[in-house]
Structures are given as C-alpha cells and as structure tokens.
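Worksheet: one structure, shown below.
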Number of protein chains: 2
Amino acid sequence: MQCKRNFSAKREAIYKILSSTDSHPTAEWIYENLKTQIPDLSLGTVYRNLSVFKETGLVKSVGVINGHERFDANTFQHSHFVCNCCFKIIDIPKSKTFVDQSTINNLENECDVHIQNHNITFYGLCGDCSKKISVESEDI
Amino acid sequence: MQCKRNFSAKREAIYKILSSTDSHPTAEWIYENLKTQIPDLSLGTVYRNLSVFKETGLVKSVGVINGHERFDANTFQHSHFVCNCCFKIIDIPKSKTFVDQSTINNLENECDVHIQNHNITFYGLCGDCSKKISVESEDI
DNA sequence: TCCAAAATGATAACTGTTCTTAATTATTAA
DNA sequence: TTAATAATTAAGAACAGTTATCATTTTGGA
C-alpha cells in the first residue's frame, strides 16, 4: 500500500464493506455489493485491493472454498465452520482455543519448522442445509 | 467409480504413486511422474481419477495451496504444516489430537451445525527455508 | 497550480480444472 | 466366440477465477 495517509475512496469502501459483514465474502460478492453505490468500480480493483490488504495484514484469507477465495476482515485468531452444501462460513466463538503456545513450541522442535500461524476449519452441514436435506429425504 | 472389481491400470497407477509419497502432490506432479512409465497418460485422466478417489473417500484433499490443489492418500485424521515459502506440506505426527469429540459435540449445539470433519493446518517456514532466509539476510 | 506517484477501468492474458467427444478397452450375456 | 453394453480414456476445447497490462485519472505534497 503506497498510499501514505488515507485510503482512496474505493479502497476504503472495499475495506468497509468487508469489515461490516461476517459472511466471509468473495471478491465477486464485494464487487456486486459495491457496484450499486460505486457504479464505475472495476472487479480488478477489488482483487488488487484485497491483495494489498492481505500483504499488510489488514485482511486474512479464509482459504479457497469451492473454487472461490473467501476473505475476512476479522484478523483475530479464530476458527471457522464451512457448510459442505451451501458453502456458508460461520465463525467459531473466539473463546475456543484449540492449540496453545506450548503445543506449538513442541511441534516446532519435533518437526523442525517455524510456525507463524495456524487455523482450524470444521466442515459439515449448517442448520439450514441439515433441515433441507431431511425434508428432501421425506419426499422420497 | 463404476468399475466393479478392479481398478483400471491407469487408475491403479495414479492411486499407487499417490499412496507411495508423503509429499501431498498436485495433479500435475502425479501426471509428470507417471508420464515416464505411462507415456500415453493424459492429465485429464489424473484429474478425473482424483475426483473419483475423493468421492469414494479413498483420497483426501489437503486444500488449495498457492493455487494448486494438494492430495493425500493418507485418510487418517491428521494435521499438516505448510511452508509459506516453498509450499512443502509436512504431516504432523498423528498422535496429536487437538479437538476431541466432546468439544465437537458442544460446538454443534452452540453453532447449530452438524460437523462431519475438521482439519488443522499450521503455516510457517520449514527448516530448509528458515536456513535459506537467514543466509540471505547475512549477505546484505 | 504543477508534478510525480499511486490508483484505477477496461480488458486481455493466464492458469488450474472441468467438460466434450470420439475412440478404446473391459465386462456381461447369450 | 461374439455381440451388446458399460466404463475408461486421450486430446484438446471450454471454463472460471484471478492476475497482468496499459492508458488514463486521481491523489497528495511542493
């Protein structure tokens, strides 16, 4: 990010919409949702700024889910649940810590690696999809 | 997999090379490494069979690392370390269990989800890359 | 106001993966 | 064995998400 003081208007809008949602959106979603307010926004700008945010640590990638990279402006260490059906991503309450520092230290020695961060992702069916699937199976 | 009895020769070769390495390779790597033995192998066949293996649970995806999906024939629940520099993937000794069943049950209730599986990935620098980077900084 | 650096829109290019199609191979049934 | 059927394949086109290019515009400081 070479912009020294402030974000450009578009950069700010991209960060703002990302940090105001907990849906862990894709670049495309951000683009579509800003397009109404900023008609001359380009998808390339969204991608470009997301890269900038990732580099500076302002935004984290949740990973590539079903072919789309998902982003999160909440950079606190926390875990995610991913629905295998609708690909919704839900935050796991941040109180949950699964791996403590001493475990990480042990792992570093044992595996000869330097660990910078880690993430835990749970996969399964969200409440909505569970219901839908049980209704479908009644229909048969 | 509609083939009822045995794997076809190529399908078998793909599974064999994947289960004989712990490098968590890409489809491309499998293709390149089989090409010498099976000159008429096609990359599409590798992708197709990896999909078949994933569907039947014979093979798991480690996820998309640096734009390439990585595969693992070791389907036991285990964790991975990913090097942020060379993208090597190392298995974490399987004795390590970070999330127990009662924790999962609690999470399911708390978040209204049905958890099917989970994975833990550590990111950082592998031993080799750590050394390389410290040598580079000496040079400056 | 002027200038250099940064950011942008439009779109082409790239890349990993999936799909299509015609051909080949394996399996089944008679 | 032979014919019918099903599964698998190679080759390459198609696809989709993302990145790169480049001319233009915007920005912030002198």
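All values below come from the heavy atoms of this structure, side chains included, with hydrogens, waters and symmetry mates left out. The sequence lines fix the lettering, A, B, ..., with proteins before strands; numbering per chain opens at 1.
Whole-Å rounding puts the B/I14 CD1 to D/dT9 C1' distance at 10 Å. Distance, A/L50 CG to D/dG17 C1': 13 Å, rounded to whole Å. B/H68 has its NE2 atom 16 Å from the P atom of C/dC14, to the nearest Å. When the P atom of D/dT18 is taken as reference, atom CG of B/N66 falls 14 Å away, rounded to whole Å. Rounded to an integer number of Å, the gap from CD of A/E12 to P of D/dT26 is 18 Å. Spacing between atom CZ of B/R11 and atom C1' of D/dA7 amounts to 8 Å, rounded to whole angstrom units. One can place CG of A/L43 at 11 Å from C1' of D/dT19, the figure rounded to the nearest angstrom. Atom pair A/F7:CZ and C/dA5:C1' shows a separation of 17 Å (rounding to whole Å applied).
When the side-chain nitrogen and oxygen atoms of B/K10 are compared with OP1 and OP2 of C/dT25, none of them lie within a distance under 4.0 Å. Dashed line: the shortest gap from a side-chain N or O of B/S8 to OP1 or OP2 of C/dT25 is not under 4.0 Å. For B/Y47 and C/dT18, the shortest distance from a side-chain N or O to OP1 or OP2 is not below 4.0 Å. For B/R48 and C/dT18, the shortest distance from a side-chain N or O to OP1 or OP2 is not below 4.0 Å.
If you check residues 15-41 of chain B against DNA chain D, the residues with a heavy atom closer than 4.0 Å are B/D40, B/L41, listed by number.
Between the side chain of B/Q116 and the backbone N or O of A/Y123, no donor-acceptor pair lies under 3.5 Å. When atom types are taken as modelled, the side chain of A/R70 and the backbone of A/F87 share a donor-acceptor pair closer than 3.5 angstrom.
The side chain of B/S42 lies closest to D/dA10, out of D/dA10, D/dT9, C/dT8. The side chain of A/E69 sits closest to D/dT18 out of D/dT18, D/dT19, C/dG9. Closest approach to the A/S51 side chain among C/dT8, D/dT18, D/dT19 is made by D/dT19 (side chain taken as heavy atoms from C-beta onward).
Ring geometry for B/H78 against B/H24 counts as tilted: the plane angle lies between 30° and 60°, on a 0 to 90° scale.
Summarising the geometry of A/V82 relative to A/I89, their closest heavy-atom pair is CG2-CG1, 4.2 Å, with the distance given to 0.1 Å. A/L43 and A/A27 get closest at one heavy-atom pair: CD1-O, 4.2 Å.
Residue-environment remark: NZ (B/K35) exceeds the threshold of 12 foreign heavy atoms within 6.0 Å.
Residues B/V99 and A/F122 have side chains in contact (heavy-atom distance under 4.5 Å, counting atoms from C-beta outward).
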